[in-house]
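Only this structure's heavy atoms are used, side chains among them; waters, hydrogens and symmetry mates stay out. Keep in mind the model is a prediction, meaning the values are calculated, not measured.
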Amino acid sequence: MKIKSYNELTRWKEIMKLLPDHHQINHDSEPEEVFWNWKGNKIHIDYFNNPQAKIKVIMLHGVGGNGRLLSFLGVPLYLQGVEVIAPDLPGYGISHVPGKRINWAVWRKLVVDLIDHELEKDDRPIVLFGLSAGGMLAYQAACLRQEVAGLIFSNILDQRNPKVLETSAIHPMVGKFGVPILKVFSKILPTLKIPMKFVANTRKLVNDEAILKLLITDKHSAGASVPLELIASIAEATPAIEPEAFTLCPALLVHPGVDRWTPVEVSRLFFDRLNCPKRIVMLENAGHFPVEQPGLSQMEEAVMEFLKERIEVPSNSKEMEQQQANTAS
């Protein structure tokens, strides 16, 4: 049976309950759930709609998440006057992709088309936020859609680099020898699905043990099985613009300070080569899925500062109104 809403699932709710109230979905910050008809697929999108917002953020998850889990950052951004859009990429969450091939090119095309879809609605600037593998996805989409106003990454992992591939794999030998073998088998059995935990070190996804236990058994995020073709194509995705030639928009790397999966040195192999205005903010005590404090609050602060630099965010945000109401009472 097709799942029609995240209200039908419980795992994401259990994860969110372990976060500060400020980062949880509630009656003041509940997204509109939409199934976008994209190329015969039904792509689930969480829309934190704010018609008064002067800027939009499209949030992209990686190979261990989904759009709903990104609400840990989407909610506080929305409460501060930003419109937030978080799709479930094919193979994750509750998007319906009937019998279609799923690979990196499909993910990238979806993001490019989603940018176009949003630009057709209005001319508000769009910033892309990418978590984990979503960082490189955001970058590659921006290379194809020059209207993007800014890029934010928690990581930016160029899997063409052997060091990156060996670091992100479940074991360096899997990255060195196993992934090339998977590439061969993906040509023969592209739609064959295997658990992502067989190739990626998902047990280092988050440092909070309680959240980790929930994530790695969640069939809609880190516990999902994905097609061989998707795994193989991530490892060889090539951007339209190499970083030395990238001057299209500013970039911000909000990197977890205690990332036990892909430390900042791995992201810097690509990030340091970018030829655009850029800066790095390290998130104290935060793991790869950066939900630990104080890094969680530091990320929110750094992202908001970056967005305000792109365009002034409305000061009469929902959160400020709530704070004023609390003060008056």
Side-chain angles (χ1 to χ4, degrees), residues 3-34 44-50 53 56-62 64-88 92-94 129-132 134 152 154 205-223 254 256 283-304 307 313-314 317-327 329:
I3 297 171
K4 299 179 180 179
S5 168
Y6 270 97
N7 288 330
E8 299 177 38
L9 302 176
T10 59
R11 186 58 55 87
W12 71 269
K13 297 176 184 177
E14 295 176 60
I15 294 170
M16 290 297 112
K17 286 179 182 178
L18 298 175
L19 301 181
D21 291 346
H22 176 65
H23 297 267
Q24 296 183 28
I25 291 174
N26 57 42
H27 65 280
D28 291 324
S29 60
E30 189 169 358
E32 176 188 3
E33 295 188 68
V34 173
H44 180 274
I45 303 177
D46 274 345
Y47 273 99
F48 292 87
N49 292 308
N50 184 350
K56 302 180 184 181
V57 176
I58 296 177
M59 306 190 75
L60 305 173
H61 63 80
N66 56 50
R68 177 53 60 97
L69 290 177
L70 293 181
S71 62
F72 82 96
L73 179 61
V75 165
L77 296 185
Y78 169 70
L79 292 174
Q80 293 189 69
V82 178
E83 184 160 306
V84 177
I85 301 157
D88 285 346
Y92 288 91
I94 59 175
F129 173 92
L131 186 77
S132 188
I152 307 172
S154 71
L205 179 61
V206 59
N207 296 344
D208 184 298
E209 289 294 330
I211 293 178
L212 178 62
K213 289 178 182 179
L214 293 170
L215 275 176
I216 61 177
T217 55
D218 179 14
K219 300 301 182 183
H220 296 93
S221 61
V254 282
L283 310 177
E284 296 176 55
N285 194 48
H288 189 83
F289 183 48
V291 294
E292 298 89 358
Q293 292 288 24
L296 180 56
S297 295
Q298 291 169 346
M299 178 170 57
E300 176 190 343
E301 181 180 351
V303 169
M304 280 304 304
L307 295 177
V313 178
S317 67
K318 288 179 177 292
E319 181 164 295
M320 289 188 67
E321 290 173 359
Q322 184 61 50
Q323 290 175 347
Q324 291 170 357
N326 292 340
T327 301
S329 62

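Side chain to side chain, Asn49 and Glu32 meet the donor-acceptor criterion of an N or O pair below 3.5 Å. A donor atom on one side chain and an acceptor atom on the other are not found under 3.5 Å apart for Gln293 and Gln298. In summary, the side chains of His61 and Ser132 do not present any donor paired with an acceptor at a separation below 3.5 Å, with no hydrogens or angles considered.
One distance of note links CZ of Phe129 with CG of Leu70; it measures 7.0 Å at 0.5 Å rounding. Between atom CD1 of residue Ile15 and atom NZ of residue Lys213 there is a gap of 13.5 Å, rounded to the nearest 0.5 Å. Atoms NE2 and OG, on His22 and Ser29 in that order, are 10.0 Å from each other to the nearest 0.5 Å. Taken to the nearest 0.5 Å, the CZ atom of Phe72 stands 10.5 Å off from the CD atom of Glu300. Annotation: the span from Ile94 atom CD1 to Asn66 atom CG amounts to 8.5 Å, rounded to 0.5 Å. Taken from CD1 in Ile85 to NZ in Lys56, the straight-line distance is 5.0 Å, to the nearest 0.5 Å.
In terms of heavy atoms, Gly287 sits closest to Asn207 at CA-ND2, 3.3 Å. The nearest pair of heavy atoms linking Ala53 to Gly81 is CB-O, 3.2 Å. When all heavy atoms of Ile3 and Ser5 are compared, the pair lying nearest together is CG2-O, 3.3 Å. Residues Val291 and Leu296 come closest through the heavy atom pair O-CD2, 3.6 Å.
Side chain of Gln24 to main chain of Leu19: a donor-acceptor pair is present (N/O by atom type, distance under 3.5 Å, no hydrogens or angles). No donor-acceptor pair closer than 3.5 Å links the side chain of Ser297 to the backbone N or O of Pro294. Here the side chain of His288 pairs no donor or acceptor atom with the backbone of Leu205 at under 3.5 angstrom. Judged purely by atom type and a 3.5 angstrom limit, Glu30 has no side-chain atom pairing as donor or acceptor with the backbone of Ile25. Of the possible polar contacts, one joining the Asp88 side chain to the Gly67 backbone as a donor-acceptor pair under 3.5 Å is found.
Remark: of the listed residues Glu33, Arg68, Lys4, Glu33 is the sole one forming a side chain to side chain donor-acceptor pair (under 3.5 Å) with His44.
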Practice problem: I would like to know whether Leu69 and Leu215 meet side chain to side chain contact (heavy atoms under 4.5 Å, CB included); could you show each step before the answer? | Solution: CA-CA 10 Å; Leu69 290 177; Leu215 275 176; 3.5 Å; yes
Practice problem: Verify side chain to side chain contact (heavy atoms under 4.5 Å, CB included) between Met59 and Val84, making sure each step is shown before the conclusion. | Solution: CA-CA 7 Å; Met59 306 190 75; Val84 177; 3.5 Å; yes
Quiz prompt | Chi angles and distances behind the side chain to side chain contact (heavy atoms under 4.5 Å, CB included) call for Asn50, Tyr78 | solution = CA-CA 8 Å; Asn50 184 350; Tyr78 169 70; 4.1 Å; yes
Exercise. Check the pair Leu77 / Met304 against side chain to side chain contact (heavy atoms under 4.5 Å, CB included), numbers first and verdict last.
Key: CA-CA 7 Å; Leu77 296 185; Met304 280 304 304; 3.6 Å; yes
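Side-chain contact between His23 and Leu73 is absent, with no heavy atoms from C-beta onward closer than 4.5 Å.
Using a 4.0 Å cut-off between charged nitrogen and carboxylate oxygen, Lys17 and Glu14 do not count as a salt-bridge pair.
Under the 30°/60° scheme for interplanar angles, the aromatic rings of Trp12 and Tyr6 are found to stand perpendicular.
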